[in-house]
2 protein chains.
Amino acid sequence: MSDNEKQKNILQEVRQLFTAYLEKNGQRRTSERYTILEEIYLRSDHFDAEELYVHLRNRNFNISRATVYNTLELLVASDLVTKHQFGKNQAQFEKSYGYKQHDHIICIDCRKVVEFCDPRIQQIQAMVGEILNFKITHHSLNLYGICGSCQIKRSKKEDAK
Amino acid sequence: MSDNEKQKNILQEVRQLFTAYLEKNGQRRTSERYTILEEIYLRSDHFDAEELYVHLRNRNFNISRATVYNTLELLVASDLVTKHQFGKNQAQFEKSYGYKQHDHIICIDCRKVVEFCDPRIQQIQAMVGEILNFKITHHSLNLYGICGSCQIKRSKKEDAK
DNA sequence: ATAGTTGCAAAAGCTTTGCAGTATG
DNA sequence: CATACTGCAAAGCTTTTGCAACTAT
């Protein structure tokens, strides 16, 4: 199956999942909501609400900020989108269906975000949840540091002194 | 040594550390900055900028929000205070000197925050940093779920149906 | 003396809300 | 056809900034 076909499959699946969620929760299936879902799943990695809003305007969809925020909330609630706070006061979002669980490492200089996986986190999550009697639904692990290219930039600055 | 004496010791130590930081970075040692440092170290756990500001006003310190924010930034930079984003759009802070490294588990119902430690996180941090060539400075691991008492509340709601 | 800090208030930036009109079930 | 949803603009909150007064060095 080609990558293109895979993407079409995923799109179809998330549409179905979203429909199921909306029906189950007595919410209407509006064209705006499906447009937003699709734009997110056609797009790449991480984005914020404003970026998504501008992106939709550029594509000539007349969808307001209010609807973008409203729909993002629904998508987070339906587990199709994940919300992150990478230390700024602006939430970042990411499609989550069809992606394996992962965490993030963030460059504190250039704000680049890289993903990584480590199975031990699941174990920690399970163990800590049991000890403290929490029913854990999700987690967020962010590592912060300086990426390779920013390390080089910094050492050049040092040399210049 | 009594707890009271321990706290006095810690206060003295953080004041010295803060002084060292300010001197090293050519910043002035103002009374406002030390007042804020002390209030944070006399206070308990987690707080946000506004809480701290109100707390200071209540104690008849005439310190502005601007100074609170400015000083919090210095304290974070000097590693005496840690900044968190627990999913809301408001940063939370916490004193960090004299406390062993820990992470947080947050109840998504009542927003209660509990601390926990797991040495494996340090290992993950070191390993991932090496693989991805990041110089890691810090991390943030948050587990989200439902705490014991909120689990009971939820099951009572179910029963009521 | 003089540049960094402060308090105040205004501004900025992200997100939510109120309202009148629209479209879904 | 009832009412949830939408777009728009205004309001709400947290955080930042501009400025005149102040003060640590």
Side-chain angles (χ1 to χ4, degrees), chain A residues 15 18-39 46-78 81 83-94 111, chain B residues 15 18-39 46-78 81 83-94 111:
Chain A
R15 262 196 296 257
F18 196 33
T19 299
Y21 174 84
L22 292 174
E23 280 183 346
K24 191 186 160 196
N25 292 275
Q27 309 245 28
R28 291 185 178 168
R29 281 160 256 158
T30 67
S31 64
E32 287 86 356
R33 290 177 175 173
Y34 284 95
T35 300
I36 291 173
L37 176 67
E38 288 183 20
E39 285 303 311
H46 304 92
F47 59 91
D48 59 52
E50 185 66 18
E51 267 173 48
L52 178 57
Y53 170 73
V54 171
H55 184 78
L56 289 162
R57 307 302 281 201
N58 289 343
R59 298 204 163 199
N60 290 331
F61 291 113
N62 186 27
I63 296 181
S64 69
R65 276 193 189 81
T67 302
V68 169
Y69 279 98
N70 166 25
T71 304
L72 280 172
E73 199 172 306
L74 292 173
L75 290 170
V76 170
S78 61
V81 165
K83 183 176 181 176
H84 300 291
Q85 299 268 174
F86 292 139
K88 290 190 303 180
N89 289 314
Q90 190 180 199
Q92 300 266 107
F93 298 88
E94 177 183 31
R111 286 275 148 197
Chain B
R15 262 195 295 257
F18 195 32
T19 299
Y21 173 84
L22 292 173
E23 279 183 347
K24 193 185 159 196
N25 293 274
Q27 310 243 28
R28 290 185 181 168
R29 283 160 256 157
T30 66
S31 62
E32 289 85 356
R33 289 176 178 175
Y34 284 95
T35 300
I36 291 173
L37 175 67
E38 288 184 19
E39 286 302 313
H46 304 94
F47 58 91
D48 59 53
E50 184 67 17
E51 267 172 48
L52 179 57
Y53 170 73
V54 171
H55 183 78
L56 289 162
R57 305 304 278 202
N58 288 343
R59 298 206 163 198
N60 290 330
F61 290 112
N62 187 26
I63 298 181
S64 69
R65 277 194 190 79
T67 303
V68 169
Y69 279 98
N70 166 24
T71 305
L72 279 172
E73 200 173 304
L74 292 173
L75 290 170
V76 170
S78 61
V81 166
K83 183 177 182 178
H84 300 289
Q85 298 270 174
F86 292 139
K88 289 190 302 179
N89 290 314
Q90 189 180 200
Q92 300 266 107
F93 299 87
E94 175 181 32
R111 285 275 150 198

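Convention: sequence-line order gives letters A, B, ...; per-chain numbering from 1. Because only heavy atoms are used, hydrogens play no part in the values below, and waters and symmetry mates are left out as well, while side chains stay in. Quick caveat, the model's predicted, so the values are computed rather than measured.
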Quick one: [X] [atom1] to [N] [atom2], roughly how many Å, whole number?
X: Gln85(B); N: dT14(D); atom1: CD; atom2: P; result: 13 Å
X: Phe47(B); N: dT15(D); atom1: CZ; atom2: P; result: 12 Å
X: Glu23(B); N: dG4(C); atom1: CD; atom2: P; result: 17 Å
X: Asn89(B); N: dT15(C); atom1: CG; atom2: P; result: 5 Å
X: Ile36(B); N: dG7(C); atom1: CD1; atom2: C1'; result: 12 Å
X: Arg33(A); N: dG7(D); atom1: CZ; atom2: P; result: 11 Å
X: Leu72(A); N: dC14(C); atom1: CG; atom2: P; result: 15 Å
X: Tyr34(A); N: dT24(C); atom1: OH; atom2: C1'; result: 12 Å

Between Asn25(A) and Tyr21(A), is there a donor-acceptor pair closer than 3.5 Å when you use the side chain of the first and the backbone of the second?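 Flag set: sc Asn25(A) to bb Tyr21(A) pair under 3.5 Å.
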Phosphate OP1/OP2 of [N] contacted by [X] side-chain N/O (<4.0 Å):
X: Arg29(B); N: dT23(D); answer: no
X: Asn62(A); N: dC8(D); answer: yes
X: Gln90(B); N: dC13(D); answer: no
X: Asn70(B); N: dT6(C); answer: yes
X: Arg57(A); N: dG7(D); answer: no
X: Thr30(B); N: dT6(C); answer: yes
X: Tyr69(B); N: dT15(D); answer: yes

Gln27(A) or Ala66(B), whichever maps to the more 5' nucleotide of DNA chain D: Gln27(A)
Pairwise 5' ranking along DNA chain D for Arg65(B) and Ser31(B), keeping only the more 5' one: Arg65(B)
Taking the six-membered ring for Trp, is the centroid-to-centroid distance between Phe47(A) and His55(A) below 6.0 Å?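 Judged by ring-centre distance (under 6.0 Å), Phe47(A) and His55(A) do not meet the cut-off.
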How about Glu94(B) and His46(B): does a side-chain donor come under 3.5 Å of a side-chain acceptor?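 On atom types as modelled, these side chains qualify, holding a pair under 3.5 Å.
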Decide whether Ser64(A) and Tyr53(A) meet the rule of one side-chain donor and one side-chain acceptor closer than 3.5 Å.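 Per modelled atom types, Ser64(A) and Tyr53(A) side chains form no pair under 3.5 Å.
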Does any donor-acceptor pair link the side chain of Arg28(B) with the base of dT23(D) at a separation under 3.5 Å?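 Result: at least one qualifying N/O pair found.
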What I want to find out is whether Glu73(B) reaches Lys83(B) closely enough, with some N-O distance under 4.0 Å, to be called a salt bridge. no
